[in-house]
K.L.:
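One structure is given below, represented as structure tokens, and several questions about it will come after.
The structure presented is a predicted model; accordingly, all values stated were derived computationally and were not measured. Order of listing sets the numbers, starting from 1, for every ligand and every atom in it.
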Amino acid sequence: MMSKYEEIYRYSIDNPAGFWAEAAEDIHWFKKWDKVLDDSKKPLYRWFVGGELNTCYNALDRHIEAGRGDQTALIYDSPVTGVVRALSYKDLLDQVARFAGAMIGQGITKGDRVVIYMPMVPEAVVAMLACARIGAIHSVVFGGFAARELASRIDDAKPKLIVSASCGIEGKRIIDYKALLDEAIEISTVKPARCIILQRPQAEAVLRPGRDLDWQEVMAEAKPIDCVPVAATDPLYILYTSGTTGRPRGVVRDNGGHAVALKWSIKNVYGMQPGEVWWAASDVGWVVGHSYIVYAPLLNGNTTIVYEGKPVGTPDPGAFWRVISQHKVRALFTAPTAIRAIKREDPQGRYLDRYSISDFRTLFLAGERCDPNTLNWAQDILKVPVIDNWWQTETGWPIVANCLGIEKLPIKAGSPTKPVPGYDVQIFDEQGRVKAAGEFGNIVIKLPLPPGCLMTLWNNDEYYQKFYLDRYPGYYLTGDAGYKDEDGYLWIMSRIDDVINTAGHRLSTGAMEEVISSHPDVAECAVVGVADELKGELSVGFVVLKAGVKRPHEQIVAEVIQLVRDQIGPVAAFKKVAVVKRLPKTRSGKILRSTIRKMADGAEYEVPPTIDNPDALDEVKEALCKLGYPKSRF
Ligand code: COA
Ligand code: AMP
């Protein structure tokens with residue numbers, strides 16, 4: 001007999017249109033779709049074609065009409081400012097409708113882009129939902145990126161308006177967001193007509209007359225605006241993510257498929273019931289923030305927490321347990337790094353003794369590979385199931401997970417469990433043949449992807465096809481590699497490209513190499529992700545200097561580190577660089593990055609027979625020792 005999970009999974013794969021049409025009944029439509037799945041422009045599929053809805057209506061108005069208006073929609077918990085504030089569904093709608101009115105007042109209409117560059121404050125959520133309300137397309141940029149990265153997103157998205165804040169707060173430090181924004185607009189080719197700036201008391205910004213407006217002032221004058229019906233296939237947002245080069249990829253999400261998939265997922269994957277308190281401890285700048293701080297919990301009538309703090313240091317490693325206890329959190333979603341940071345400072349979990357977390361049911365971990373030690377430690381101290389789930393910015397919601405809302409399957413630490421209904425996941429060899437159980441290969445998903453996944457890359461169907469669909473026709477290339485075991489569990493082991501994961505943040509080593517190569521003394525360089533106990537992976541750079549450069553190496557190294565911080569941002573956490581005489585290469589001139597990485601990780605590696613300069617490997621080893629990696633690793 002098939003288990004409940006198997007039954008639902010089979011149905012979703014055998015009859016995707018039937019499966020998702022049923023799920024779509026849970027969403028309010030102004031006009032029902034004509035076709036559930038449109039495959040007329042294969043491989044570009046569209047969901048719920050002809051349907052009209054409004055995502056903000058489904059996230060707010062609908063709940064108030066159904067009597068949920070006084071329930072808390074959002075709790076802002078900010079240990080860095082000492083503020084805890086609750087907004088009911090009515091309060092949140094009031095702010096969103098007024099901010100939507102303020103945007104209309106500035107000439108923003110359906111289809112216009114709005115960049116949001118904000119710290120973790122409720123106004124970031126208000127701005128996102130207000131865009132959804134009027135059919136404007138938001139593009140949220142993470143605060144830890146430098147001005148140049150923000151500028152490249154402004155140039156690609158071409159926003160009419162940017163919404164930002166005077167500052168962000170990182171632990172005890174004040175980050176001058178407005179200065180970064182001004183610099184980005186200085187560098188960008190596209191200049192937004194308006195910026196709306198939230199002034200925070202920690203550091204007020206100087207506003208530029210004619211361009212900048214004060215959030216409070218525009219809100220005071222704004223008239224609330226009703227929801228605008230949009231097509232299911234109209235874009236809701238663009239979210240940029242790292243690819244293999246310095247050029248970020250603008251993932252485009254639709255309105256219809258997104259609302260259907262996210263509401264389905266928070267119930268069926270995460271097992272959340274309306275009215276319960278849910279906390280995704282991430283940032284609105286990442287996909288986890290979009291999907292599980294903002295949209296999914298509100299679509300489902302949950303209370304969501306916006307946390308402006310860290311797992312440690314704000315003020316101590318008990319910070320997460322305090323929030324869970326104070327707000328009666330049912331489930332927490334965070335990255336394994338956050339748990340490793342807590343474990344490092346409080347290995348016995350003693351801070352947990354100070355709080356009662358009896359309402360707490362589940363810990364979900366995602367964003368990077370979850371090592372079994374971290375999972376087991378969290379499970380031991382919290383005494384609740386710890387559920388790993390695998391997905392990416394492109395999909396917007398889990399590909400592989402233990403779907404607690406359907407049926408809890410046995411947990412195997414190190415595996416995120418089985419494919420989520422809607423995803424036909426396969427392991428392919430280089431030629432596109434299916435690998436046997438236990439054999440390592442490229443992880444692909446059979447097309448069509450389920451609703452809620454990326455429709456395309458912003459203004460670039462060609463790149464979408466080139467990066468994701470051309471490698472194996474009929475399949476989406478995830479960029480991850482791993483295997484399926486005999487029980488059908490997936491094991492996600494590594495990336496097949498230059499993308500690395502530092503503290504749950506997705507970064508491109510290729511982008512870092514582009515920046516380093518612009519240093520006048522650098523002839524060539526390689527950046528690889530090396531295993532790190534806390535952050536999962538850390539980028540390590542190797543630079544070869546131009547002939548005749550006589551300046552002290554320490555000075556050049558410091559400049560290279562600063563360059564990456566200034567051009568990509570502090571989030572790159574790029575702090576380890578060594579100067580070497582040459583880089584190991586094949587005879588055809590390809591840098592042996594994967595050999596360097598394996599060597600640095602202390603993993604087994606083979607020296608390729610095509611290597612041109614085997615001595616260069618010894619130099620890399622020496623450099624790694626100087627950077628503090630123990631000799632015993634190699
Ligand atoms: N705005 C500005 N700067 C930011 C920022 C933001 N929103 N987020 C991070 N930074 C800065 C940090 O201050 C740090 O700067 P520094 O080099 O001057 O110290 C740098 O970017 C690197 O940040 P991070 O990698 O986060 O390291 P950290 O030492 O500050 O914190 C952890 C370490 C483990 C506590 C932290 O990474 C964490 O909480 N991770 C959880 C991961 C997570 O939520 N991922 C989201 C996807 S699910
Ligand atoms: P992002 O797009 O920033 O969410 O990063 C997605 C990438 O992070 C994936 O392609 C994986 O490489 C990695 N990742 C995310 N979650 C997991 C997980 N649970 N296990 C292994 N890798 C993960």
K.L.:
Got the closest protein heavy atom to atom 1 (P) of ligand 2, with its distance?
P.N.:
Thr393 OG1, 3.4 Å

K.L.:
Using a 4.0 Å heavy-atom cut-off, which part of Trp391 comes near ligand 2: side chain, backbone, both, or neither?
P.N.:
backbone

K.L.:
Hey, does the side chain of Ser508 reach the backbone of Gly243 with a donor-acceptor pair shorter than 3.5 angstrom?
P.N.:
yes

K.L.:
In terms of atom number and element, which parts of ligand 1 are under 4.0 angstrom from non-hydrogen atoms of Pro311?
P.N.:
35 (C), 39 (O)

K.L.:
Can you tell me which residue and heavy atom of the protein come closest to atom 9 (C) of ligand 2, and the distance to 0.1 Å?
P.N.:
Asp480 OD2, 3.2 Å

K.L.:
Counting non-hydrogen protein atoms only, what is the nearest one to atom 3 (O) of ligand 2? Give residue, atom name and distance.
P.N.:
Arg506 CB, 3.2 Å

K.L.:
Ligand 1 versus Tyr177, non-hydrogen atoms closer than 4.0 Å: side chain, backbone, both, neither?
P.N.:
side chain

K.L.:
Please state which part of Ala281 comes within less than 4.0 Å of ligand 1, counting heavy atoms only: side chain, backbone, both or neither.
P.N.:
backbone

K.L.:
Does Glu430 come within less than 4.0 Å of Arg471, counting only side-chain N to carboxylate O?
P.N.:
yes

K.L.:
Would you say the side-chain atoms of Thr374 pair up with the backbone N or O of Arg340, donor to acceptor, closer than 3.5 Å?
P.N.:
no

K.L.:
Do Trp279 and Phe320 come within less than 4.5 Å of each other through their side chains, counting heavy atoms only?
P.N.:
yes

K.L.:
Looking at Asn300 and Asn302, would you say the former's side chain and the latter's main chain have a donor-acceptor pair under 3.5 Å?
P.N.:
no

K.L.:
Anything under 30° is parallel, anything over 60° is perpendicular, the rest tilted; go ahead and classify Tyr270 against Phe333.
P.N.:
tilted

K.L.:
What's the shortest distance from atom 24 (P) of ligand 1 to any protein heavy atom, and which residue and atom give it?
P.N.:
Lys535 NZ, 3.6 Å

K.L.:
With atoms numbered from 1 as shown, which atoms in ligand 1 lie under 4.0 angstrom from a non-hydrogen atom of Val288?
P.N.:
48 (S)

K.L.:
Assess whether side-chain hydrogen bond (donor to acceptor under 3.5 Å, both in side chains) is satisfied between Tyr351 and Asp316, documenting all intermediate values.
P.N.:
CA-CA 8 Å; Tyr351 278 83; Asp316 55 43; 4.9 Å; no

K.L.:
For ligand 1, note which part of Glu368 has a heavy atom under 4.0 Å away: side chain, backbone, both or neither.
P.N.:
neither

K.L.:
Can you pull out the closest protein heavy atom to atom 34 (C) of ligand 1? Residue, atom name and distance to 0.1 Å, please.
P.N.:
Thr337 CG2, 3.2 Å

K.L.:
Check for a donor-acceptor pair, side chain of Thr509 on one end and backbone N or O of Asp498 on the other, with a separation under 3.5 Å.
P.N.:
yes

K.L.:
Under a 4.0 Å heavy-atom limit, does Arg173 contact ligand 1 with its side chain, its backbone, both, or neither?
P.N.:
side chain

K.L.:
Considering only protein heavy atoms, which is closest to atom 10 (N) of ligand 1, and at what distance to one decimal place?
P.N.:
Glu170 OE1, 3.3 Å

K.L.:
Before you tell me yes or no, could you show the steps for Leu454 and Leu449 under side chain to side chain contact (heavy atoms under 4.5 Å, CB included), namely the whole-Å CA-CA distance, both residues' side-chain angles and the distance that decides it to 0.1 Å?
P.N.:
CA-CA 9 Å; Leu454 81 169; Leu449 294 173; 4.1 Å; yes

K.L.:
Main chain of Ile342, side chain of Asp346: is a donor-acceptor contact present, judged purely on distance under 3.5 Å?
P.N.:
no

K.L.:
Could you work out, for atom 41 (C) of ligand 1, the closest of Gly313, Pro317, Ala338 by heavy-atom distance?
P.N.:
Ala338

K.L.:
Who's the nearest protein heavy-atom neighbour of atom 22 (C) of ligand 1, and how far?
P.N.:
Pro570 O, 3.5 Å

K.L.:
Which residue supplies the protein heavy atom nearest to atom 42 (C) of ligand 1, what is that atom called, and how far is it?
P.N.:
Ala503 O, 3.1 Å

K.L.:
Looking at Ile197, is its backbone amide N or carbonyl O close enough to the side chain of Lys178 to form a donor-acceptor pair, meaning the two atoms are under 3.5 Å apart?
P.N.:
no

K.L.:
Would you say Thr304's side chain and Ile293's backbone share a donor-acceptor pair under 3.5 angstrom?
P.N.:
yes

K.L.:
Which of the listed options, Gln392, Arg249, Met493, Arg369, holds the heavy atom that is closest to atom 22 (N) of ligand 2?
P.N.:
Arg369

K.L.:
Mark yes or no: Arg153 above the aromatic ring of Tyr117, with NZ or CZ under 6.0 Å from the six-membered ring centre and no more than 45 degrees from the axis.
P.N.:
no

K.L.:
Should Glu394 be counted as touching ligand 2, given the test is an N or O pair under 3.5 Å?
P.N.:
no

K.L.:
Heavy atoms of the protein only: does one fall short of 4.0 Å from atom 32 (C) of ligand 1?
P.N.:
no

K.L.:
Check contact between Gly367 and ligand 2, using heavy atoms of the residue and a distance below 4.0 angstrom.
P.N.:
yes

K.L.:
Could you identify the single nearest non-hydrogen protein atom to atom 8 (O) of ligand 2 and state the distance to 0.1 Å?
P.N.:
Asn501 ND2, 3.0 Å

K.L.:
Examine the proximity of ligand 2 to Glu368 and report which part, side chain or backbone, both or neither, has a heavy atom under 4.0 Å away.
P.N.:
backbone

K.L.:
For His505, which part has a heavy atom under 4.0 Å from ligand 1: side chain, backbone, both, or neither?
P.N.:
side chain

K.L.:
Quick one: which of Arg506, Glu308, Arg565 has a heavy atom closest to atom 16 (P) of ligand 1?
P.N.:
Arg565

K.L.:
I'd like to know if the side chain of Trp278 and the backbone of Tyr292 have a donor-acceptor N/O pair within less than 3.5 Å.
P.N.:
yes

